[in-house]
Structure formats: C-alpha cells, structure tokens
Amino acid sequence: MTGTAPVPFTADDYKDRMDRAARQAADAGLAGLLVAPGPDLVWLTGYAPPAVTERLTLLVLAAGREPVLVVPTLEAPDAEKATGAPALALRDWTDGKDPYALTAALLDGRGRFGVSDNAWALHLLGLQQALPGTSYVSLTDALPMLRAVKDAAELERLAAAGAAADAAFEEIRNVRFSGRPESEVAADLAALLRRFGHSQVDFTIVASGPNGANPHHEAGDRRIGRGDMVVLDFGGLKDGYGSDTSRTVHVGEPTEEERRVHDVVREAQEAGFRAVRPGAACQDVDRAARAVIADAGYGEYFVHRTGHGIGVTTHEPPYMIEGEERPLVPGMCFSVEPGVYLPGRFGVRIEDIVTVTEDGGRRLNDTERGMVIVD
C-alpha cells in the first residue's frame, strides 16, 4: 500500500516560490539569494542535479529580475526537464571556462547575498575572488522561515508521509522484539517505511534498555530482552516530504516506575501539542512540555529541544526551543517530542508531527501514545 499519488507541483508553483524568496531577500536587505544543489534548490525549482560534483550549479534570485540557473553544459538537458525550468533562464558553462566570471556578471558587485547552507566553500571562495566587494550570509540565518509555512499541497504530502509512518508503527508493534538485535528491528522498520511509500529512509532508531537514554542512539547488536523499554524513532521522505515519529514500547510488563515515566512524557507531549496556536511563540511549546517533566522531578533528564520543523527535509526551522520567540503561523509544521532519559537505565520519547491551523494545531500522527506492550 503506497496510497494515491499527490497532485504534482507546477511551473507556476515554483515561480511563486522563487518570487516569494526574492521578495523576502529584498525585505531582509539582501541583494539576492544564491542557491546550490540541495533541498532549497529542489523546493524552489524542482531540479536536483543527477550528481553533486565540483562543477558549479547555482540558482541566482533577486527581486525584480528573472531567476537564473547556472549549470554545467553537460547537465543542462536535465535542468531543462525540471518542472520549474519554464520560470527561469538557464546559463550553461563548459569545462575550461570560468563559471565564476559567468555568475559574477549576474550579481551586484557590492551586494550582500544569502547563500544556501550546503553551498561548497570552493564555490563561495570562487565567487569572492571574482567579486571581492560582495559579502554573504547563510540562508538559515537570513531567511530561516523561507520554507516554514506550507501550502495546502505541501500539507497534503506531509499528512500522507505521517500516515505512512503510522502504518509502519502499527505493523512493527506486532513483530517479535525479545531476543533480537536492535539492528534487525531497525531493518524491519526501514522496510515498512518503504513498503508504505517512502522513497528515502533517513533514520530508524531502535534504542533498547539503557541505550534508550541516548536520544540519538544508533541501532546496534544489543539483543532486546524482556523487561526492556524500547524507544522507536523513525522517518524519511515520501513524495519529497518528511515523516518523523517516535513511540516507546515495552517488552513484557513494565514496572511501576517505567509506567510513571511514560505517563509523564505522554502528558508533556499533550501539553506541548495544546500550546500550539497561531501567535504563540515557538518557545511556548517547549515551555509547556518542559514544565510537565520538571514538575514531575525529571527536568534534568529532558536534554533536547521539544521540536523541529519538517518539510522537504526531516529537520529544518522552526525550532521549539527556549529563546525562539518567533510566532507560530498557520501552515507551519514541526515535531512535538519531549523525552526523559535516565542514564544507564532507560529512556522514553513520544513524538508527533503537528501543523498549525487557524485556531490551534492538528496532529499528523495518530498512533497509540499510551504504553504499548510488545513481545
């Protein structure tokens, strides 16, 4: 089961995104944006180069000017096939020519530009040499909310990715855990994500017993035993948009303390979700979840932020963390994932992806949040 294919994005969709990005850059006092291959380029144009190499590929955006994609000549045919290609001009360059001189002709020689975070230093230094009067700032610092507010088509894809991850959990809770290495259960999870439509699996954390106290534990050779708490955290991309969910299961009957900690995390996750509403600050979500855990006496064992944004990548702005005062806006999507991690003993994390609605929030994951007993 992979579900119905989503409505494809159109050239107009990509044009609107490029226009919006250029306007936001101008509003931020930038001369333009320089976007290298990666998630930003895919989101803005629909183009992903067949391979990321040392050859310069760069989208140049500036308010009031036609977007230009600089590409190596040998990759121009692929770029021309991108859905967003009709909304931009292509400028290709051949081996032996100077791509920085070609790009420099498109830029304000004294401008300050936002640069996508994954641009190569090789390319940025080449531009600086060609235009020593320019300066640069990372796109995440300059326009952290560029991709944060999703439109209806993006929300549909995120909801479908969340439903696929939920389907994977409903299957994995029925497999045998006891006596098997974490890595085998992680492989089962990855296979289920692909079975339910994911083209890319980004992570399948299976953290049993004391390994659960490490929030980013990598599934290893430890054999899961009866009496273990097991943190499951998994996600990836389906139709270009991310999933990310966590549930904590128990092999056999839990102790009273294990149930208590699980209940605290579940209540914290619910409090974080209920704090989601337009106009609330991102940090309000973190504060709401953290207060429940602190009041229960486990505050020092909640060691990470409450959430992160999700879209064409599984981790992106906005972040639900103390000090982030940016207001929530309808269409934002992010995780709400408090946890308690008791060193050398066990951990608990419960995570849903949530989107901001006009009057609150909506979960994109809806599997059981209470204690799930597995074999």
Side-chain angles (χ1 to χ4, degrees), residues 9-144 146-147 312-313:
F9 296 123
T10 67
D12 286 341
D13 291 326
Y14 291 114
K15 181 180 185 303
D16 288 345
R17 292 176 186 179
M18 286 188 281
D19 288 346
R20 184 179 0 137
R23 288 195 306 271
Q24 288 186 18
D27 291 343
L30 299 174
L33 301 179
L34 307 177
V35 184
D40 291 312
L41 185 63
V42 172
W43 183 77
L44 287 163
T45 68
Y47 176 54
V52 178
T53 72
E54 74 282 357
R55 293 185 174 94
L56 179 71
T57 295
L58 201 66
L59 175 68
V60 179
L61 296 177
R65 299 181 61 180
E66 182 180 29
V68 178
L69 182 62
V70 177
V71 295
T73 300
L74 76 167
E75 294 175 3
D78 294 303
E80 289 170 349
K81 295 175 185 175
T83 304
L88 51 78
L90 286 177
R91 298 286 185 272
D92 65 302
W93 61 277
T94 58
D95 287 349
K97 301 294 184 181
D98 184 354
Y100 307 112
L102 170 63
T103 307
L106 304 171
L107 305 180
D108 175 352
R110 296 185 177 181
R112 182 170 177 79
F113 295 88
V115 181
S116 56
D117 296 358
N118 52 342
W120 285 22
L122 171 72
H123 297 149
L124 190 57
L125 291 169
L127 284 175
Q128 285 182 314
Q129 186 173 7
L131 290 173
T134 54
S135 60
Y136 305 90
V137 61
S138 77
L139 201 53
T140 291
D141 286 341
L143 299 178
L146 178 62
R147 304 196 318 251
V312 293
T313 59

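In this text, all values refer to a predicted model and were calculated from it rather than measured experimentally.
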Novice: Shortest non-hydrogen contact from Ala76 to Leu90?
Specialist: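 What the structure gives for the nearest pair is O-CD1, 4.3 Å.
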
Novice: Hey, could you give me the CG/CE distance between Asp13 and Met18, rounded to the nearest 0.5 Å?
Specialist: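 Result: 10.5 Å between the selected atoms.
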
Novice: Going by side-chain contact (heavy atoms from CB on, under 4.5 Å), name the residues that satisfy it together with Thr83, two or more places apart in sequence or in a different chain.
Specialist: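 In terms of side-chain contact (heavy atoms from CB on, under 4.5 Å), with neighbours along the sequence ignored, Thr83 is linked to Tyr14.
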
Novice: Could you grab the distance from atom CG of Leu124 to atom CG of Leu56, nearest 0.5 Å is fine?
Specialist: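 One finds 10.5 Å between CG of Leu124 and CG of Leu56.
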
Novice: Residues two or more places apart in sequence or in another chain: which of them pass side chain to side chain donor-acceptor pair (under 3.5 Å) with Arg20?
Specialist: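 Side chain to side chain donor-acceptor pair (under 3.5 Å) check on Arg20 returns nothing, list empty.
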
Novice: Taking side chain as C-beta onward, heavy atoms only, is Leu58 less than 4.5 Å from Leu127?
Specialist: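 Touching, per the 4.5 Å side-chain cut-off.
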
Novice: Run the side-chain contact (heavy atoms from CB on, under 4.5 Å) test against Asp16 and tell me which residues pass, sequence neighbours left out.
Specialist: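 Asp16 satisfies side-chain contact (heavy atoms from CB on, under 4.5 Å) with no other residue.
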
Novice: Of all residues at least two apart in sequence or in a different chain, which pass the side chain to side chain donor-acceptor pair (under 3.5 Å) check with Tyr136?
Specialist: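 Testing Tyr136 for side chain to side chain donor-acceptor pair (under 3.5 Å), a comparison that skips the adjacent residues, returns Thr134.
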
Novice: So which heavy atom on Trp43 is nearest to which on Arg17, and how close?
Specialist: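 What the structure gives for the nearest pair is O-NH1, 2.8 Å.
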
Novice: Going by side-chain contact (heavy atoms from CB on, under 4.5 Å), name the residues that satisfy it together with Glu54, two or more places apart in sequence or in a different chain.
Specialist: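 Only Trp120, Leu122 meet the side-chain contact (heavy atoms from CB on, under 4.5 Å) criterion with Glu54.
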
Novice: What pair of heavy atoms forms the shortest contact from Thr45 to Ala82, and how long is it?
Specialist: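 Nearest heavy atoms, Thr45 then Ala82: O-CB, 4.1 Å.
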
Novice: What are the two closest heavy atoms between Gly109 and Leu131, and how far apart are they?
Specialist: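 Closest heavy-atom pair between Gly109 and Leu131: CA-CD2, 4.0 Å.
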
Novice: Tell me if a side-chain donor or acceptor on Asp78 pairs with a main-chain N or O of Pro50 at a distance below 3.5 Å.
Specialist: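 Checking the backbone N and O of Pro50 against the side chain of Asp78, no donor-acceptor pair under 3.5 Å is found.
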
Novice: Can you measure from NZ (Lys15) to CG (Leu44) and round to the nearest 0.5 angstrom?
Specialist: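 The distance works out to 13.0 Å.
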
Novice: Who passes side chain to side chain donor-acceptor pair (under 3.5 Å) against Trp93, sequence neighbours left out?
Specialist: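 For Trp93, no residue satisfies side chain to side chain donor-acceptor pair (under 3.5 Å) once neighbours in sequence are set aside.
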
Novice: Going by side chain to side chain donor-acceptor pair (under 3.5 Å), name the residues that satisfy it together with Asn118, two or more places apart in sequence or in a different chain.
Specialist: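 Asn118: no side chain to side chain donor-acceptor pair (under 3.5 Å) contacts found.
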
Novice: If you compare all heavy atoms of Pro72 against all heavy atoms of Thr57, which two are closest, and at what distance to 0.1 Å?
Specialist: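 Scanning both residues, the minimum pair turns out to be CD-OG1, 3.3 Å.
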
Novice: Starting at CG of Leu69, measure out to CG of Leu88 and round the result to the nearest 0.5 Å.
Specialist: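 Reported value, rounded in 0.5 Å steps: 6.0 Å.
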
Novice: Please enumerate all residues that pass side-chain contact (heavy atoms from CB on, under 4.5 Å) together with Ala48, with sequence neighbours excluded.
Specialist: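 Partners of Ala48 by the side-chain contact (heavy atoms from CB on, under 4.5 Å) criterion, ordered by chain and then number, come out as Val42.
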
Novice: To the nearest 0.5 Å, what is the distance between OG1 (Thr103) and CG (Leu59)?
Specialist: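 Spacing of OG1 (Thr103) from CG (Leu59) equals 11.0 Å.
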
Novice: Give every residue pair that meets the salt bridge (charged side-chain N to carboxylate O under 4.0 Å, His left out) criterion with at least one member in residues 37-48, sequence neighbours excluded.
Specialist: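 Sorted pair list: Asp40-Arg147.
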
Novice: Please collect all salt bridge (charged side-chain N to carboxylate O under 4.0 Å, His left out) contacts where either partner lies in residues 56-66, sequence neighbours excluded, each pair once.
Specialist: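 Pairs touching residues 56-66 that pass the test: none.
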
Novice: How far apart are the closest heavy atoms of Ala85 and Ala79, and which atoms are they?
Specialist: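 That would be CB-O, 3.5 Å.
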
Novice: Please report the interatomic distance CD(Gln128) to OG(Ser135), rounded to the nearest 0.5 Å.
Specialist: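 Rounded to the nearest 0.5 Å, the CD-OG separation comes to 9.0 Å.
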
Novice: Can you give each donor-acceptor pair under 3.5 Å made by side-chain atoms of residues 27-38, sequence neighbours left out, with the distance rounded to 0.1 Å?
Specialist:
none

Novice: Suppose the criterion is salt bridge (charged side-chain N to carboxylate O under 4.0 Å, His left out): which pairs have a residue in residues 81-106, not counting sequence neighbours?
Specialist: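 Pairs touching residues 81-106 that pass the test: Arg55-Asp95.
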
